[in-house]
Amino acid sequence: MKAGLYPKLALEGILKNKRTYFPYVLTCVGMVAMYYIIGFLRYSYAVANLPGSETVSLILSFGSWVIAFFSLILLFYTNSFLIRCRKKEFGLYNILGMGKASIGKILFFETLIVAVFSLLAGLGIGIALSKLAELGLLNIMHGSVNYAFTLSPKVLKMTALIFGVIFFLLFLSSIWQIRFTGAIALLRSRDMGEKPPKANWIFGVLGALILAVAYFLAVTIRDPLTALALFFAAVLMVIVATYLLFISGSVFFCRILQKNKKYYYKTNHFISVSSMVFRMKRNGAGLASVCILSTMVLVMLSSTSSLYFGSESVIHSRYPRDINMESHMVSTEALSDENIHALYDEILSVVKKHNVTPKNFYHYRSVLIAGLIEGNRVETDVSKLNNFDTDTLSNICQFYFIPLSDYNRIMGTNETLADGEAMIYAFRRAYREDTLCFNDGQSFKIKKQLDKFIKDTDPEALTASITVIVPDLAKSVKELDTLADYNGDKMTEAVWTFEFDTGVQPEQQVQLYKELRETLRTSEMYEKYHMTSLQCESLELERNSFYSLYGGLFYLGITLSIVFVFAAVLIIYYKQISEGYEDQARFDIMKKVGLTRREIKKSINSQLLTVFFLPLVFSACHLLFAFPIIRKLLTLFGLDNVGVFATATVVSFAIFALFYTAVYRITSNAYYHIVSDTK
Amino acid sequence: MSILDVYGLKKIYSSRFGGDRVTALRNVTFHVEKGEYVAIMGESGSGKTTLLNILAAFDRPTNGSVILDGNDLSKIRDSAAAAFRRNNLGFVFQEFNLLDTFTLKDNIYLPLVLAGRPHREMKDKLLKIAAKLNISELLEKYPYEVSGGQKQRAAVARAVITDPKLILADEPTGALDSRATDELLTLFKEINAQGQTILMVTHSIKAASAANRVLFIKDGEVFHQIYRGNDGNEQLYEKISDTLTMLATGGEKSEK
């Protein structure tokens, strides 16, 4: 045979089957492009410059694996349809005397042509769009825009490798299907329904179990750091469980519907249920993919948008006033009234120079120490920590000792405490004991649990904290002051916090902030007021960096969402188109037997409604259970506002549901046109 | 009493821009009495399929009328045509046209489900018909799991389950081997004996010789007809064969 025969037959095979090959190649190109874009962003310097870039990079690397995984599923799904359509053709070749080996060669060249074309086109589109995506990101982050066209050879190689493997697997699976089917069976294979998978119920039960465990994990996780560690595990479990449940569940569900004679033998249900049974496995896999993609989109949109729109609330809890100062003292003694007053006057003199009168200001002294808490005992002595359960991070707690006089002043209260008594305010953990005992020595009787303090200590801190209001600060921390850590440094830290609003324009606020830093952060000042350091933060200045971080994340969330939505739409579209062509002949027969156009429309709607909204319902369910764990994760980014996140979740879901319905409308129209257009 | 009246049927196909005009039916007139078993014969291209499509309300005639049990088919709107078909007609096709997504049972139920009949009624009807057609054992199987003859019997069951006024059969034996053909023809005979009117389009002499009357169509017109009278199948077979020979030779002469 001539050398060029097989490539020629392969090319002809593709061109002759344009109708089925077109959506397949479109899918391939789309997935390659998406994979490249995600990979590009992952290594992009724009992302590397994002504050919190480690997390973003982690998310993106996870995202690129997800895309690779979905490409595999999606392309197998589309390819199996393609092979199904072409079995008749190959059967004919086989009967006419072409060996299976030769058919294999044709398949090889077909796969090669599609692979090369998809990689070239996909990478081309990916390269073009990735620059666009990067520019958008830089713009939002106010980064310096660099219009140079950059390529990422690493990602190019990676994309080619991943998709090379996928195409090779596709080729193997096609060969496998052709190899083990007889010529006659090949000819007739299109008419055969799918056999339900064996041991179906085992898959179902397994899926339900895995899902239950994942849900349980998501709901019961307490602290954010564990949440981060378990989040990806939970996501993987949910993905596996969704596939198992959808594949076995759809078979089970259809069987039940079929058994119910009263339901089944109705015009609408009769046709829809039977065609669902006919392609139950593909249905299950396709729907599960749509469900998972939808869930991911919803999770990304709700979390990143809540960060973005919750920025104000994050900023205000992190920076309660326009100017926030914290001076760290050499020792607890440096918190003496004289020293603090002198420092206070020093600051006010700078402020006055700018014609600013501090408003809403408050200041208080505090001594903080970290310790492990167990029951009512707290251990802060590093040499004795072995006796404590250090396995879980949730035992770590930060303690803030604040004198009663400062508390009464800033809160405008008139509380009294006897010697040895204390009031506590617990943040991010509950404390229900009557006493609080440090290192089996200093013990406090809890007189009152406070439900608020002027400031939630440090909202960015991940650990829990307990603020202890004591009648005499120096006396209370006397013992703790003697403790040293492994390096010999003091364990306690004495801090004076001073925060105030300015009532002037942002530019003036920033000017004041700069002046304060210049004047006060000098070694003379440090020595004069016994400080080790002085932090000064301006809300206005921080607002910008917050918005660029959260804006960047939000943008990435939207980009990833678009990519995932595109993948979901491709699946839906492909499902509709391929099933449309399959069902065309069936609806033709039914029309002959007496199915009216109206009934066709009704039965299509009934089928699509069942099939389409199942993934949406499931992803809503996933989202509901993911809510607690994502909420915990958001605290890592400083967002501790449930209201904002809940609103963002509901709004994201509403927008997505609308979009989903639109996709449903459009694709079901495409399906209807294919099915009703018979001649 | 006549159940189907076909008057002066004419069908001209023209290409979309009114170019070539092909006359498929010139002038077809015939009547079918209730309980009759009529075969329509003709060579390929004689207009058989066009006639059947018009009788089944798939297509509309250019001229003339078809009246089924008092209903003028040309007066039926397109949207009502499907409902009309399932209420009045039963179909048996050459390619069976069974749906591969359904078991044989569900295939047979299809027209009743479309008509919205209750399940109990469907079940009663099916049990009787399935026993008669000898397919009771096959009801849970899918079309790709049974033979051609079995498929065609299921298709017949689907056609008769609605008690149609008329069964239209389009080359029903075309895809069957000789044994399955014999079985099907016997089946048609039995159904006809119970009063079912059947109109069959075929070019198989064997199939036609099972009918009680044979109409011959040539060049879009009813050319000739033969009544069985008291003839047995073999005698009718001979007569049909002779007629076809005559048609073929005469046809050659008439062509210029």
Side-chain angles (χ1 to χ4, degrees), chain A residues 84 184-196 254-255 257-280 283 579 582-603 606-607 675-676 678-679, chain B residues 52-53 56-59 76-93 95-103 105-123 126 140-146 148 151 155 158-159 161-162 164 168 170:
Chain A
R84 223 172 130 80
I184 299 297
L186 280 179
L187 275 179
R188 299 171 41 173
S189 60
R190 222 188 138 163
D191 309 328
M192 280 192 236
E194 286 176 14
K195 295 263 180 311
C254 289
R255 287 263 179 268
L257 289 184
Q258 231 175 0
K259 287 239 168 70
N260 182 350
K261 307 273 186 236
K262 274 217 177 98
Y263 178 88
Y264 181 50
Y265 290 111
K266 289 272 176 296
T267 312
N268 296 344
H269 310 146
F270 192 53
I271 297 164
S272 55
V273 172
S274 66
S275 50
M276 280 195 283
V277 172
F278 188 69
R279 41 177 169 247
M280 47 201 162
N283 249 338
E579 290 179 5
E582 260 180 19
D583 289 351
Q584 207 176 39
R586 275 178 217 130
F587 275 99
D588 202 22
I589 294 175
M590 281 188 269
K591 266 198 276 183
K592 281 186 183 160
V593 178
L595 186 71
T596 62
R597 271 175 176 279
R598 261 239 320 271
E599 283 164 344
I600 292 181
K601 248 194 172 141
K602 263 165 73 186
S603 96
S606 146
Q607 177 177 349
V675 161
S676 58
T678 45
K679 277 189 185 110
Chain B
L52 203 73
N53 281 343
F58 292 140
D59 207 345
I76 294 172
R77 280 176 294 118
D78 271 343
S79 55
F84 176 82
R85 273 200 289 278
R86 75 173 178 239
N87 291 329
N88 296 289
L89 300 172
F91 293 94
V92 180
F93 304 93
E95 295 297 337
F96 322 125
N97 278 355
L98 293 177
L99 291 162
D100 41 27
T101 47
F102 287 125
T103 57
K105 180 174 84 181
D106 289 349
N107 262 297
I108 298 169
Y109 279 158
L110 183 64
L112 292 182
V113 173
L114 294 184
R117 313 303 307 172
H119 178 244
R120 175 176 295 279
E121 180 192 323
M122 297 195 282
K123 203 169 157 190
L126 176 72
E140 297 300 333
K141 294 208 184 267
Y142 281 89
Y144 57 85
E145 295 172 316
V146 302
K151 274 189 233 181
R158 182 179 65 188
I161 200 164
T162 54
L168 292 174
D170 184 7

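Since the structure is predicted, the reported quantities are computational estimates derived from the model, not experimental observations. Values reported hereafter were calculated over all heavy atoms of this structure, with side chains retained and with hydrogens, waters and symmetry mates removed. Naming convention: chains lettered A, B, ... in sequence-line order (proteins, then strands); numbering from 1 in each chain.
Taking B:N97, B:T103, B:T162 one by one and counting their heavy-atom pairs under 4.5 Å with chain A, the maximum is reached by B:N97. Top candidate by heavy-atom pairs under 4.5 Å with chain A, chosen from B:Y109, B:F91, B:F84, B:F93, is B:Y109.
Shortest non-hydrogen contact noted between B:P143 and B:L98 is CG-CB, 4.1 Å. Heavy-atom minimum distance, A:M590 versus B:L114: O-CD1, 4.4 Å.
Using a 4.5 Å cut-off between heavy atoms, B:D106 contacts chain A through both its backbone and its side chain. Looking at B:R158, the atoms closer than 4.5 Å to chain A (heavy atoms on both sides) all sit in the side chain, from C-beta outward.
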Exercise for review: Could you walk me through whether B:R85 and B:F58 pass the side-chain contact (heavy atoms from CB on, under 4.5 Å) test, one step at a time?
Suggested key: CA-CA 9 Å; B:R85 273 200 289 278; B:F58 292 140; 3.3 Å; yes
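Every side chain to side chain contact (heavy atoms under 4.5 Å, CB included) that A:N260 has, sequence neighbours left out, goes to A:K262, A:Y263.
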